[in-house]
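Everything on this sheet refers to the single structure shown next.
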Amino acid sequence: GAGVSQSPRYKVAKRGQDVALRCDPISGHVSLFWYQQALGQGPEFLTYFQNEAQLDKSGLPSDRFFAERPEGSVSTLKIQRTQQEDSAVYLCASSARTGDNQPQHFGDGTRLSIL
Amino acid sequence: AQSVTQLGSHVSVSEGALVLLRCNYSSSVPPYLFWYVQYPNQGLQLLLKYTTGATLVKGINGFEAEFKKSETSFHLTKPSAHMSDAAEYFCAVSKAGNNRKLIWGLGTSLAVNP
């Protein structure tokens, strides 16, 4: 596609429910990133994929957070047993090739609200 | 560890005035530096980046930034503000090498007054 696509745009869930957030990167982009952006804050790194390999998951806040990219394209971020502190905007970004000076292209994010 | 400091969480300028958004970084190795803009309810859009070479970098929408190693700064400027420039601006740094994740500042909200 023309840009990074994230779905849903908005998600409301009750505390304790599981949620799944989807990211469609730009076609052909090798690298994919997930960030969490709390209200009024800058994004915080969660995890990074190069193709299907998850090379860095140091930013995942707990074992309730799980991300996958099984075919090296679409990625899903799953949050189990959601808590109120999980409320944030979840941003997905992709970049071409593997050079670390490649700009990251961002989707519009999924705004997650936990009641 | 790398970190990014954006001085001033809110900046207000008049239309046509100079825009100056400040960013300082700390990094033990030469960094790559980025400025992104975020409009309400939208994702982040790259304004400009510094990797190597010329320290004055020109970006989209008339913005530019200068990498000053001695001051560990990468301030964003625009000679004449436009109403459409009102948005949130984020400075970010990544480390040259294998670590590709971006470390972000807290952002500066720019208001442009008529």
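Just so we're on the same page: letters track the sequence lines, and every chain starts at 1.
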**Message:** Which atoms of A:Thr47 are under 4.5 Å from chain B, going by heavy atoms: the side chain, the backbone, both sets, or neither?
**Reply:** neither
**Prompt:** B:Met83, B:Val11: one ILVMFWY side-chain cluster at the under-4.5 Å cut-off?
**Reply:** yes
**Message:** Around atom CD of A:Glu71, are there more than 12 heavy atoms from other residues, nucleotides or ligands closer than 6.0 Å?
**Reply:** no
**Partner chain B: residue of A:Ser58, A:Cys92, A:Pro43, A:Gly42 with the largest heavy-atom pair count (under 4.5 Å)** = A:Pro43
**Prompt:** Does atom CZ of A:Arg15 have more than 12 heavy-atom neighbours from other groups under 6.0 Å away?
**Reply:** no
**Asked** Is there a path of hydrophobic side-chain contacts, each under 4.5 Å between heavy atoms of I, L, V, M, F, W or Y residues, that connects B:Leu106 with B:Ile103?
**Response** no
**Prompt:** At a heavy-atom separation under 4.5 Å, does B:Leu46 approach chain A through its side chain, its backbone, both, or neither?
**Reply:** side chain
**Request:** Can you tell which part of B:Tyr50 gets under 4.5 Å to a heavy atom of chain A, answering side chain, backbone, both or neither?
**Result:** neither
Atom pairs and distances, donor-acceptor, side-chain atoms in residues 105-115 of chain A, under 3.5 Å, two or more places apart:
from     : atom 1 : to      : atom 2 : distance (Å)
A:Asp108 : OD1    : B:Gly43 : N      : 3.2
A:Thr110 : OG1    : A:Pro8  : O      : 2.5

**Message:** Need one label for B:Gln45: side chain, backbone, both or neither, based on atoms under 4.5 Å from any heavy atom in chain A.
**Reply:** neither
**Asked** Among A:Arg9, A:Glu44, A:Gln6, A:Gln37, which has the most heavy-atom pairs under 4.5 Å with chain B?
**Response** A:Gln37
**Request:** Give, for atom CG of B:Leu102 and atom OG of A:Ser95, the distance between the pair rounded to the nearest 0.5 Å.
**Result:** 9.0 Å
**Message:** Could you see if A:Phe49 belongs to whatever hydrophobic cluster contains A:Phe66? Use Ile, Leu, Val, Met, Phe, Trp, Tyr and a side-chain cutoff under 4.5 Å.
**Reply:** no
**Message:** How long is the straight-line distance from OH of A:Tyr35 back to CH2 of B:Trp104, given to the nearest 0.5 Å?
**Reply:** 6.0 Å
